[in-house]
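Residue numbering restarts at 1 for every chain, and letters A, B, ... go by the order of the sequence lines.
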Amino acid sequence: MDIIKAIKGVKDILPEETPRWRFIEDAARRWALAYGYQEIRIPIFELTALFARSIGAATDIVEKEMYTFPDRDGTSLTLRPEGTAGTVRAFIEHNRAAEPLPQKYFYIGPMFRHERPQAGRLRQFHQFGVESFGTADPRVDVEAIALLWRLLSDLGLPDLTLEINSLGGTGDRAAYKPILLAFLSQHEASLCANCRRRMETNPLRVLDCKIPDCRAATESAPKLTEHLSPEARAHFDQVLAGLTAIGVPYQLNPRLVRGLDYYCLTSFEITSTHLGAQNAVGAGGRYDGLVETLGGPSVPAIGFAVGLERVSLMLPETASSSLHELLYYVAAFGEAGTKLGLVLLDELRRVGLSAQCDYRAATLKAHLRQADRSKCRYAILLGDDEASRGAVILRNLETKAQEELPLAGLASLLKSRNLAG
RNA sequence: GUGGGUGUAGCUCAGUUGGUUAGAGCGCCGGAUUGUGGAUCCGGAGGUCGCGGGUUCGAAACCCGUCACUCACCCCA
C-alpha cells in the first residue's frame, strides 16, 4: 500500500527546526509589543468575497492562487492568502473604530496560496504582520517601517536593503496612468510580451518587470513620484525625513509597485541578496481606503507582512542554537529503584524541572547512554543500593562529578539549587 | 500554467564502456563478563535502484512515458 505523503508545497517543521522557528516568532512578538502592537488571532478561512474585494479581483492571488472551496451549504470559502483582509474584517466587525484609536495589531500564522513551490515559496507558508489603524500621520509609516527594519536587523539577517516608494493617492494614480501609458505605447516594441499584456491589466507593474530590456526601455519613463499631489508629496517627504532621523537606511525605488490593489502612498519592501529569486523578506504599505472599501468607516491604515520561511532561510545558524535543554535524566534501575524512579520523575516535573527517562533501559549502562544522547546536564542514579539507603547519586554528565543526596525532598532541593545557579 | 535539473539504505552519496548475490560513511540495534555514558573495536538489521513500459542473452545504468522532489519563469512575503 502506498504511504500517504504531505501535499505538494507544504512542509513539516520537525523538532530539530522548531527552536529556530520559536526564536523567530519570539523576536517578532517582542518587537511588535515594544512598538505597541497587540496580538490578534483571526480565522484561517473566510468568505471568498472578503479577499476578492480587498486584495482585488483582478490580482494573481485572487484569480489563480487561492484555495477556494464550497462549504456544505454551498457558500464559497477561502483559505486566507494573507492576513490584512481578515484583520480589517475583524476591525470592522467588532467596531474597533469606536475604541480609542489608533488600534495596532499584529498576527503570526499560516497563509495559503496555490503556487508552484520553489525556494522561499510554499503553498502553506507563514507570515508575521502588523496593521495600524487610525493614524494618517507619516510618523506611523516611519514607525511601521522601523519595526520591520529593526526586527530583521535584530535577527541578524545578512545584506538587507529597504526600498521605498510612494504610490500616491488614488487620484494621483488615476492622473498618472494615462501619462505612463502614453510613454509605454511609444516604447511598446521594446517591451516583453508580458509587459504588453500588463499595459492593459496593470500598467504600473510594467515598471516592476525584471527583464533587462524592459528595464532599459522604461528607464526614462515618467515617474509616479514626479506626479504626486502636494499632499502625497509632503507625506512621502516626511516619511523619508523620519527614517533619516532615526537612522534607518533606505533606497528610493520609483519602480516599486505592490501586487495588491489596496495599497496607496507609502510602499516599501525589504529584500536580501541571500534568498534566490524570491528575494523579498518583508513588505507593506499604506492602505487608507481599505477599511471603507470593506464597509467600515473611513480609517487610514498601514501595515506590512514578513515571510517567515524566508527569514528562516536567512537566519544565521548560531542565532537560535540551544534554546532548550533538558536538565535531569533519571536513571532508575533494579526492582526498588525503578519504582522510586517513577515517583521521582513526577516530583521533578511538578516542581518545574525538566526530567527525562528512557523506560526501555534496564541497566545503568543503557541509562547513561540515553542520558548522554538526550543531552541532559545531570543524571540521577537510582538503583537498588541507593533505594535501600534512601538516597540517589547526582552525576554531572559533563564533569563526571558525583554526589550522594537524600531521596526525600530531592525535587525541591534541586529546584532551589536550580534557582540559585 | 511554462521550462530546466535530480530520483540508489533513515540521512549524505559511490556504483567503470550495460555483466553474477547493489556499496560506503553517518545514523540505528546488539556485543566487548558481574552498577557508570560519549571514544575505539566487533557484529547486525535496513534497498522491488521513484513507478510503468521498451531495447538486450543480461538494465540501477540506454530509450519512452509517468510521478515526486527541486530550481527558475510568472507572481509574491
Say you pick atom [atom1] in [N] and the same atom in [M]; how far apart are they, in whole Å?
N     : M     : atom1 : answer
B/G15 : B/U20 : C1'   : 15 Å
B/G35 : B/U8  : C1'   : 45 Å
B/A9  : B/A22 : P     : 14 Å
B/G5  : B/U48 : C1'   : 26 Å

Using a heavy-atom cut-off of under 4.0 Å over every strand shown, decide if [X] touches base, sugar-phosphate, or nothing.
X      : value
A/E16  : nothing
A/G334 : nothing
A/K8   : sugar-phosphate
A/R373 : sugar-phosphate
A/F333 : base
A/F125 : base
A/R369 : sugar-phosphate
A/L308 : nothing
A/Q402 : base
A/A371 : nothing

Length of the NE2-P vector between A/H274 and B/A77, whole Å = 22 Å
Whole Å only: how far is the CG atom of A/D60 from the P atom of B/C73?
-> 14 Å
Donor-acceptor contact present, side-chain A/R53 to main-chain A/T48, <3.5 Å | no
Has the side chain of A/Q278 got a donor or acceptor atom sitting under 3.5 Å from an opposite partner on the base of B/C71?
-> no
Return yes if the base of B/C74 and the side-chain atoms of A/R121 contain a donor-acceptor N/O pair under 3.5 Å, otherwise no.
-> yes
Between A/K11 and A/E115, name the one whose nearest nucleotide on RNA chain B is closer to the 5' end.
-> A/K11
Between B/C29, B/G35, B/G1, which nucleotide has the shortest distance from any of its atoms to the side chain of A/R360?
-> B/C29
Nearest 0.5 Å, what's the CD-CZ distance between A/Q278 and A/F125?
-> 11.0 Å
